[in-house]
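Within every chain, numbering begins at 1; the chains are lettered A, B, ... in the order of the sequence lines, protein sequences first and strands thereafter.
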Amino acid sequence: MLSKAYDPQSVEGRIYQMWEESGVFRANRDSGKEPFVISLPPPNATGQLHLGHAVMLSLEDIFIRFARMQGKEALWVPGTDHAAIATENVVIRKIQDEEGITDPRKELGREEILKRIQAFVEESQATIRSQIRKMGSSCDWSREAYTMDPSLNRCVNEVFKKMYGDGLIYRGHRIVNWDPKLQTNVSDDEVERKEETAPFYTFKYGPFAISTARPETKFGDKYVVMHPDDKRYKKYKHGDTFECEWINGKVTATIIKDTTVDPEFGTGVMTITPWHDTADFDIAERYSLDKEQIIDFAGRLLPIAGEFTGMSIVDARPKIVEKLRKKGLFVKVDENYVHNVALNSRGKGIIEPQIKEQWFIDVNKKVVAWKKKKMSLKEVMQDVIHSGDITIIPDRFEKMYFHWIDNLRDWCISRQIWWGHRIPVWYCIGDGACTLECKGPMVSVEPLEQCPHCGSTNLEQDPDTLDTWFSSALWTWSTLVDRKLTDDFSRSLEDILNQSPDFQRFHPTSVLETGYDILFFWVARMILMTTYATGHIPFKTVYLHGMVRTRDGKKMSKSDPEGCIDPLEVIPTFGADALRLSMIVGQSPGHDFSLYKEKIAGYRNFVNKLWNASRFVLLQCENASVDPHAVKTDAVEHHQLSLADKALLSALQNLVEDVTEKLQQYRLSEVGEKLYSFVWEYFCDWYLELSKDEANPPVLIHILRTLLQLLHPYCPFVTEELWASVKSKDAGMLIKESWPTVVEALQDQESFDHFQRVIDTITAIRKVRADQGVAPDKKIAVVVHSEKWVELLESQQEHIRRLARVESLTFAPYGEHPEEVASVFLQDIEVHVCLEGLIDKEKERERLTKEQEKLEGFLKGVQAKLGNKQFIKNAPADVIQKEKEKLQTAMEKLQKLEERLNSL
RNA sequence: GGACAGCUAGCUCAGUUGGUUAGAGCGUUCGGUUCACAUCCGAAAGGUCACAGGUUCGAAUCCUGUGCUGUCCACCA
């Protein structure tokens, strides 16, 4: 016997273990079934999972379980990401805090730091694995991957080599987003901007006045730039020079005329600092101007700053202003100037643009073979979406995607950190015998020990590592390559892919599900790298979920515990099923949504309701001495069925049809709501209530089984646990059960309609009773339109009386009580509840006239639609049929309405 | 500056081809409840669907404009 309330804690662990040990999670390569594959977006191995991960796991598990039950070969590859900067940052800080070492990189060295990070990562991975299991995720643990696995490293090196060979990877001096705090550069996408109010100074610079928020970068400024059409500075010509007094003495300045200068801003004149500003760099490149470094990589001023050398920016700024003031070069200061400060999204260090030699991926070079053409990486990225090879849900993100590509610049892939895939490039620092070839970078997929040109063993590997997104961009396929093959360095990438059975069978993957916040970081890069490296798209559909927010719409963060929910705290009390449901229902793709305890509690109640409904069903079986396990699936067809049985069974068929269709369209929220209301309102509040008068155990069992099947992807634990009590003898675990199909023999529309009529009648009586303030003991007469319905309602009289809370009830065909009727119009039926002497005729007439007008308009519209030749030609047959039916019922209704109006 | 969303009950949100009385959960109020479930049952109150125009017999839904909120992209010295 089941316990009185569902206790998730005593069930979930046991059920998960049972699934895992049975091997259902493992995808079979040789099954011949249609594959359905998801690569789990690998969580960062930096600690714990949060609600964002929980959302992702819930959504993907629903996709996977649904596919599995539909008879597909479902594969869900789990894994973790080494998250280069994020992880290194966390560990360095940990060492600083726990061991008091101020500069761990310097004091411990590369080897030791890497060892520490590795240990930290392993710990995190263990935590993450257990947390994924707690959510009930049915992923294939035998295929678990990690972005730093040796086989993935091989893929990374292969792609690097291929790209280098194609000229897509190059090395160059460019302005990069340098983070002096973390001592590395970051990609454009990792830069965050924060609004800040800062003093905005204006200084005299020769005959001009120039403005700046950053006086500390101005030491070397020797170019004055203005718009060529600016009339105020007409007398100055491009290339003119002049001498002027500046911070540390006289400088010779050159005039540059460039259209990127906005004459409206400030004085319309500016000086440039090419080394520390992207826009200035571009101008300098255009006119081949000198570039000079002012600030070093630690954020301190270089000797060019004279007396300020070695000072940090913060310290130097006011002192420089002071000096300029003393020299009489100060003009004014605007204290309320608002501008954006660039921050590193990891660690929030202030970005100082610097010129550095870095590795880049060229996104514009047309060398990628795609669809029998030579395209640039940009063009390939655009093509796969334009052509419909990949669809994004919701589709508005396609627009954002294209917009992003239009603005995309070459991708800087090198990072000056230690944790990550080291750039597979070696330099010969030879012994004198070096040839010209040895001097350049040598790319190799395996550690290079000897220079192939001069034979020297004195080689040095590039110290930098690759952007973490470089390796995660290969995730859909690098996880599917055969790990034995990647150890064999004689094989080519193409060969490895061709010989990897998993890759051949399971790639491209079916759905890539992730948060919209990493559409550019990750999704776009996967498309770019995978199409290039394998010649195939990485996935067919992209499903983007929204961000979880607190009740007040704030972002959830650990630093602000107000409203923040930790999945690990919630699961023991409410259960993983409740948590899953609370995150899926009411959430539409691409939109942020709020989560709070009350919401989860609501779904905990639902899970408990389902539990108790099952308990009740089992109780009914016991009372009738029916063994639930002995009930055959097709038993219901041979049984005596009541009107309610038929109606519920029919509604269930409609539900199966509806739910299946919507799941295929990824409309998970709607499906969740449908299931919720069906279970609670139809199954529990109606059908089980009726069963108290007269129960049909085989039907109860059948309905319950079907509902458990339909609910399983959403709340796998409770459904699997209940399944054990109601499944037929020869059935196995629910997770392996096949998805319900519509049994047409049970789809009995007429019974369903009749039952609906009964329900509507009850609703109508209740409504009229409430409207008119009628006491339950007052006699109520229900007037209906045909003898047939009178008969139907009379057969259900007891049930109606009970549920409508009326003591005395009669039914009469229309026409017998026309004088004293208050009508309630419901969706498809009119029920007139008769209450002697209580009707306000004037009001009733007014209401009916309004109703009549509306109906006439509606009829006109439908008639026009049916009269439209194009509509008849183009619309599918069932739509036309529906319209015709609409017309028919509306006409009937109008006729009745007129009759009633006349009778008043 | 550019783009994309959102604005529906006190709160959080559904609402896919325009259709007859706009829904749910939570919260509030009232009533009930030994026999599946108080993690329950029944009911009520609460909405000019942001605003203004337009198309239509009919608009939360389509079009135009405005306002507010949010997000992303690009950035000006």
Undergrad: Roughly how many Å is it from CD in Glu670(A) to C1' in rU16(B), rounded to a whole number?
TA: 8 Å

Undergrad: Reckon Thr271(A) touches a base, only the sugar-phosphate, or nothing at all at heavy-atom distances under 4.0 Å?
TA: sugar-phosphate

Undergrad: Looking only at the side chain of Asp685(A) (C-beta and beyond, no hydrogens), which of the listed nucleotides rA77(B), rC41(B), rC57(B) gets closest?
TA: rC41(B)

Undergrad: Compare the minimum distances between each of rC40(B), rA77(B), rC4(B) and the side chain of Val261(A), then state the nucleotide with the smallest one.
TA: rA77(B)

Undergrad: Describe the nucleic acid contact of Phe683(A) in one word from base, sugar-phosphate, nothing, applying a heavy-atom distance below 4.0 Å.
TA: nothing

Undergrad: In terms of ring plane angle, is the pair Tyr337(A) and His339(A) parallel, tilted or perpendicular, where the classes change at 30° and 60°?
TA: tilted

Undergrad: Applying a 4.0 Å non-hydrogen cut-off, can you work out what Arg396(A) is touching in the nucleic acid: base, sugar-phosphate, or nothing?
TA: sugar-phosphate

Undergrad: Indicate, with a heavy-atom threshold strictly under 4.0 Å, whether Val617(A) touches base, sugar-phosphate, or nothing.
TA: nothing

Undergrad: Applying a 4.0 Å non-hydrogen cut-off, can you work out what Asn407(A) is touching in the nucleic acid: base, sugar-phosphate, or nothing?
TA: sugar-phosphate

Undergrad: I want to verify a distance call: between rC26(B), rC73(B), rC37(B), whose nearest atom is closest to the His403(A) side chain?
TA: rC73(B)

Undergrad: Could you give the distance separating rG15(B) and rA50(B) at their P atoms, to the nearest angstrom?
TA: 15 Å

Undergrad: Indicate whether OP1 or OP2 belonging to rC75(B) is found under 4.0 Å from a side-chain N or O atom of Thr278(A).
TA: no

Undergrad: For the pair made of CG in Asp230(A) and C1' in rA77(B), what is the distance, rounded to whole Å?
TA: 14 Å

Undergrad: When you measure from the side chain of Asp592(A) to the backbone of Val548(A), do you find a donor-acceptor pair of N or O atoms at a distance under 3.5 Å?
TA: no

Undergrad: Counting the atoms with a prime plus P, OP1 and OP2 as sugar-phosphate, which does Lys599(A) contact under 4.0 Å by heavy atoms, base, sugar-phosphate, or nothing?
TA: sugar-phosphate

Undergrad: If the plane angle is over 60° it's perpendicular, under 30° parallel, otherwise tilted; pick one for Trp680(A) and Tyr676(A).
TA: tilted

Undergrad: To the side chain of Asn340(A), which of rC26(B), rG25(B), rA74(B) is closest?
TA: rA74(B)

Undergrad: Out of rC76(B), rU39(B), rG42(B), which has the shortest distance to the side chain of Phe265(A)?
TA: rC76(B)

Undergrad: I need the NZ-P distance between Lys554(A) and rU12(B), as an integer number of Å.
TA: 13 Å

Undergrad: Among rA77(B), rA14(B), rU71(B), which is the nearest nucleotide to the side chain of His591(A)?
TA: rA14(B)

Undergrad: What is the separation between atom CG on Leu544(A) and atom P on rA5(B), rounded to the nearest whole Å?
TA: 14 Å

